[in-house]
Amino acid sequence: MLLTRLAQVSQEIAATSARSRKTALLAELFRDAEPDDVPIVIPYLAGRLPQGRLGIGWKVLSLPVPPATEPTLTVAEVDARLTELGKVSGTGSQAERARLVAELMGAATDDEQRFLFGLITGEVRQGALDAVAVEGLAQATGAPPADVRRAVMLAGSLQTVAEALLAEGPGALTRFRLTVGRPVLPMLAHSASSVAEAVEKLDACAVEEKLDGIRVQLHRDGDTVRIYTRTLDDITDRLPELTAMAMELRGERFILDGEVIAFDAAGRPRSFQETAGRVGSRVDVATAAKEVPVSPVFFDALSVDGHDLLDLPFAERHAELARLVPEPMRVRRTLVSGPDDLTAAEDFLAETLERGHEGVVVKALDAPYSAGRRGASWLKVKPVHTLDLVVLAAEWGHGRRTGKLSNLHLGARTADGGFAMLGKTFKGMTDALLTWQTERLQELAVETKGWGVTVRPELVVEIAYDGLQRSTRYPAGVTLRFARVVRYREDKRPEEADTVETLLAAHPEVRP
DNA sequence: TTCCGACAGTGGGGTCGCAAT
DNA sequence: ATTGCGACCCCACTATCGGAA
């Protein structure tokens, strides 16, 4: 199959907003793909490279290369060239990589260049990724969408399922079962603004500590232990202490879900930055493990002794977990019978925050494990802080925000009467707000840059954030975590905005 | 008819590792 | 040694479609 066909279909998908139409377009293309092309075409149209990341980014891809006039590239050839590029990334020089990219781009037409750019940078912007591709695959093969979806969750890969389905038909789906050693996409949580709201929605539930660490899925099959992240990357080698602990547990074959986190000597959680740095260290793991040891804290069991627990209610899965894992390695929790029992939930949240953790996750006791989904049966509750800050500058948006000033530079007042930038945010804005701020900020502009505008520091904006973290990038030595716009405060003057001093005082645990 | 769950998109900061300067 | 880049951790929020209620 020619790459140009994919580029055209991708454009058509982007051009329609109807998901049913997107699905139909994908299904048609999947049906037309030759068996050899299937492992390439499916991921490409789901906006993904079969090779995973290549070590090629926006920078190298942006170097201008004159496009070809005639479309001649086949998907097989593109795949071969990208595989070559991936190999060079592992060993070779950047110059060699740039040469290979230029060669590939030079063989592509204008449309194909655009498609490849999006594919490699991970920004296809066609409004259809994995989930829509799964629908298309179901339609192309006549398999029930729910069955295809489940098989993809269990295989942890769309491509594997697609190949089997297109080669053997819907019967192949039964092959994909939960298997120890093969990671499944983890269940995710929605947000709730309070425990009252969460308990109201879920009724009988467990309220568990939410730890600010790294999500892990631990598989043990006899003497073999494997540990995977949220995105199913294998990080076994970086967590030797976890492997050792897994061997101590009372079971031979199991899959557990949990979090790893570093605690200090007093048993309080260390900052996310410290835990993440430790888990990210790959070169000298032994030293890193000595300096920042991490502990596993498990909260779910997906499989025990060959039994698939995914469809069991949480209460039963947790009973299995408790049988296998001693209490210190399980997440702290309390059981709540329903809205009448709200005080217990609220006390537990207060206690959890006192212990230095992020918040809580409220989980329905009767819900199955929804692998790969953001199920409504897990609700996280975290305290929100707010500040009144001043807009110092704004950057032009991309994609659907093209032509709108989007990303705001936020400043707090300093002792000398100026402003110190604390970070940026593009979150929390409605389309109407984007339009309004684009106009308003241009009125306040003092300087126009390629990336946006700097403005007179006059506009006050209320910002919600999750906490403070140390920063080497910003002048106050700190930055906001997960900042988002709540509303503009045109009733406030910049002299009334919050100061760096009061911000630091509100977070004594973070010292710049 | 209205409501709501699921998705995609738009990016944020930090850290690590590697190659180039 | 320092800098720039890419990968991968953490993540919030809005718009939209289409099935459920």
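Just the heavy atoms: all of them, side chains too, but no hydrogens, waters or symmetry mates, feed the values below. Residue numbers begin at 1 in each chain, while the letters A, B, ... track the order of the sequences.
Atom NE2 of A:His398 and atom P of B:dG9 are 16 Å apart (whole Å). Taking atom CZ of A:Arg99 as the reference point, atom C1' of B:dA19 lies 18 Å away to the nearest angstrom. Atom CD1 in A:Ile120 sits roughly 10 Å away from atom P in C:dA7 (whole-Å rounding). Taking atom CD1 of A:Ile214 as the reference point, atom P of C:dC10 lies 5 Å away to the nearest angstrom. Atom CD of A:Gln126 is separated from atom P of B:dG9 by 7 Å (rounded to the nearest Å).
Nucleic acid contact class of A:Thr231 (heavy atoms, under 4.0 Å, all strands): sugar-phosphate only. Within the nucleic acid shown, A:Lys382 comes within 4.0 Å of sugar-phosphate atoms alone, with no base atom in reach, counting heavy atoms only. Contact annotation for A:Ala276: no contact, since no heavy-atom pair falls under 4.0 Å across all strands. Nucleic acid contact class of A:Ala483 (heavy atoms, under 4.0 Å, all strands): none. The residue A:Val132 sits close only to the backbone: its heavy atoms come under 4.0 Å of sugar-phosphate atoms, none of a base. Looking at heavy-atom distances under 4.0 Å, A:Arg19 makes contact with a base. Within the 4.0 angstrom heavy-atom criterion, only backbone atoms of the sugar-phosphate kind lie near A:Val283; the bases stay farther away. Using a 4.0 Å heavy-atom criterion, one finds that A:Lys427 contacts the bases of the nucleic acid, with or without backbone contacts as well. When heavy atoms are screened at a 4.0 angstrom cut-off, A:Lys201 is found touching no nucleic acid atom at all.
Listed candidates were C:dC17, C:dA15, C:dA12. Nearest to the side chain of A:Ser191 is C:dA12. For A:Asp233, the side-chain atoms get nearest to C:dC9 when compared with the rest of C:dC11, C:dC17, C:dC9. Looking at the side chain of A:Ser20, the nearest of the listed nucleotides B:dA8, B:dG14, C:dG18 is C:dG18. In the set B:dG12, C:dA12, C:dA7, C:dA7 carries the atom at the smallest distance from any side-chain atom of A:Arg53. Distances from the side chain of A:Thr229 to the nucleotides C:dC9, B:dC16, B:dT10 place C:dC9 closest. Across B:dC18, B:dA6, C:dC11, the shortest atom-to-atom separation from the side chain of A:Lys380 is found for C:dC11. The side chain of A:Phe426 lies closest to B:dG11 when the candidates are B:dG13, C:dC11, B:dG11. The nucleotide whose nearest atom lies closest to any side-chain atom of A:Arg473 is, among B:dG11, B:dG13, B:dG9, B:dG13. With distances taken from any side-chain atom of A:Arg400 to the nucleotides B:dA8, B:dG13, B:dT10, the minimum falls on B:dT10.
For the pair A:Asp466 and A:Arg21, both in contact range of DNA chain C, the more 5′-proximal nearest nucleotide belongs to A:Asp466. A residue-by-residue look at A:Arg401 and A:Thr479 shows that A:Arg401 has its nearest nucleotide of DNA chain B further toward the 5' end. Map A:Glu259 and A:Arg282 each onto its nearest nucleotide of DNA chain C; the residue landing nearer the 5' end is A:Arg282.
Remark: A:Lys210 is in phosphate contact with C:dC11, judged by side-chain N or O atoms under 4.0 Å from OP1 or OP2. A close approach under 4.0 Å does not occur between any side-chain nitrogen or oxygen of A:Asn407 and OP1 or OP2 of B:dT10. Between B:dG13 and A:Gln469, no contact under 4.0 Å exists linking OP1 or OP2 to a side-chain N or O. A close approach under 4.0 Å does occur between a side-chain nitrogen or oxygen of A:Tyr474 and OP1 or OP2 of B:dG13.
Under the Watson-Crick and G-U wobble criteria, each requiring two contacts below 3.5 Å, nucleotide B:dC7 is left unpaired.
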*Any chance you could lay out the side chain to side chain donor-acceptor pair (under 3.5 Å) test for A:Tyr369 and A:Asp311, step after step, and finish with the verdict?*
CA-CA 6 Å; A:Tyr369 191 92; A:Asp311 292 321; over 6 Å; no
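Without hydrogens or angle criteria, A:Ser62 side chain to A:Trp58 main chain gives a donor-acceptor distance under 3.5 Å. A donor-acceptor distance shorter than 3.5 angstrom exists from the side chain of A:Lys22 to the backbone of A:Thr16, with no hydrogens or angles considered.
The aromatic rings of A:His409 and A:Trp451 lie parallel to each other, their planes meeting at an angle below 30°, with 60° marking the opposite boundary.
Two residues are said to be in side-chain contact when any heavy atoms from C-beta on lie closer than 4.5 Å; A:Arg282 and A:Asp237 fail this criterion.
Between the side chains of A:Thr502 and A:Thr499, at least one donor N or O lies within less than 3.5 Å of an accepting N or O.
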